[in-house]
Amino acid sequence: MVKLVGILNITPDSFSDGGQFVNPEVAIKHATQLFHEGASLVDVGAESTRPNAIPLSDEEEWHRLEPVLRTLLLRYPGKISIDSYHPATIRKAFEIGPVIVNDVTGLNNQEMIDLICHLKAQVIISHLPDMPIQEAHEKQSVSDVKQVRNELIYKARLLEAKGLPRSNIILDPGIGFGKTVEVNKELLKFAKKVPGYDVMIGYSRKRFLGDGRMELAPNLEAGEVAVANGAKYLRVHDVAGHKVLAHRRIKF
């Protein structure tokens, strides 16, 4: 069964829904709606990672996240992931309750690796070349799916060597982060490249889908490809629209 991961951006500047959910009450209401529509998980982020976005300090990030997480982590235990690369944010979140760590920087921080293993946390490792997010957007240096596979497997094995069970690890090839359009399209099929690992594909409304990326049809087409090639999780804005995919059988 494919699991849908609803996106909750509590940011003023995200490319798709910036500013819509910065109010904590509105954000909590939207998360509740995403679960009602069929999300298995909701991924909460406070910093936009779009091209030209301004990075946040961990203090600024926590200021946005805390009022939302204090409700969601108690209301939906085990079903909230945090889109953050700040170890300080993850520590504070775990003081409220367990979270799934979604590190868009691909665990390029040894402190984050050590923390995840210490907490025995569930983690989504999203691929990013070993450079700042904005630099990756500018350079689009990744032109080979094999590079994505090798670097993600390397990070996963670092965690496993430190005692984290493979069942706690989800791999995300990081569509849109430092990749060409051609590689992004090929990464929809990434799950078949890493047998033995659960894979999440995050394609929702991204530029490689073309001018109609805000419409449901091209997003569903991308989801169909991802599911047909073994993706277990789809990270999407429109959970209700993707519910048709939620009961598809994983083929690989």
Is it true that the side chains of [X] and [Y] contain a donor and an acceptor less than 3.5 Å apart?
| X | Y | result |
| --- | --- | --- |
| Thr32 | Tyr76 | yes |
| Thr89 | Glu61 | yes |
| Asp43 | Ser81 | yes |
| Asp114 | Gln110 | yes |
| Lys193 | Asn229 | no |
| Thr11 | Glu47 | no |

Shortest non-hydrogen contact from [X] to [Y]?
| X | Y | value |
| --- | --- | --- |
| Val104 | Tyr85 | CG1-CD2, 4.3 Å |
| Ala31 | Leu8 | CB-CD2, 4.0 Å |
| Asn102 | Ser126 | OD1-CB, 4.4 Å |
| His127 | Phe177 | O-CB, 4.1 Å |
| Leu56 | Ala46 | CD1-O, 3.2 Å |
| Asn184 | Lys179 | OD1-CB, 3.3 Å |

Sub-4.5 Å side-chain heavy-atom contact between [X] and [Y]:
| X | Y | result |
| --- | --- | --- |
| Ile125 | Ile169 | yes |
| Glu221 | Leu209 | no |
| Arg149 | Val194 | yes |
| Val145 | Leu187 | yes |
| Leu152 | Phe190 | yes |
| Phe208 | Lys185 | yes |
| Val236 | Val5 | no |
| Lys162 | Ile113 | yes |

| field | Hydrophobic cluster membership, Ile82 vs Ile133, 4.5 Å side-chain cutoff | value |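 No, separate clusters.
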| query | Cluster question for you: counting only ILVMFWY and a side-chain heavy-atom cut-off of under 4.5 Å, with indirect links fine, are Leu115 and Leu158 together? | reply |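 Looking at the clustering, Leu158 is in the same group as Leu115.
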| task | Using a strict 4.0 Å threshold on nitrogen-to-oxygen distance, state whether Arg235 and Asp83 make a salt bridge. | result |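 Looking at Asp83 together with Arg235, the answer is yes, because their closest N to O distance falls below 4.0 Å.
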| query | Ion pair present between Glu59 and Arg64, side-chain N to carboxylate O less than 4.0 angstrom? | reply |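 No, no charged N to carboxylate O under 4.0 Å.
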So with a 6.0 Å cut-off around [atom1] of [X], is the heavy-atom count from everything else above 12?
| X | atom1 | value |
| --- | --- | --- |
| Lys29 | NZ | no |
| Lys189 | NZ | no |
| Glu25 | CD | no |

| query | Does Asn9 use its side chain to pair, donor to acceptor, with the backbone of Val44 at less than 3.5 Å? | reply |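 Flag not set: sc Asn9 to bb Val44 has no pair under 3.5 Å.
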| Between atom OG of Ser84 and atom CD1 of Ile90, what is the distance when rounded to the nearest 0.5 Å? |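 These two atoms lie 4.5 Å from each other.
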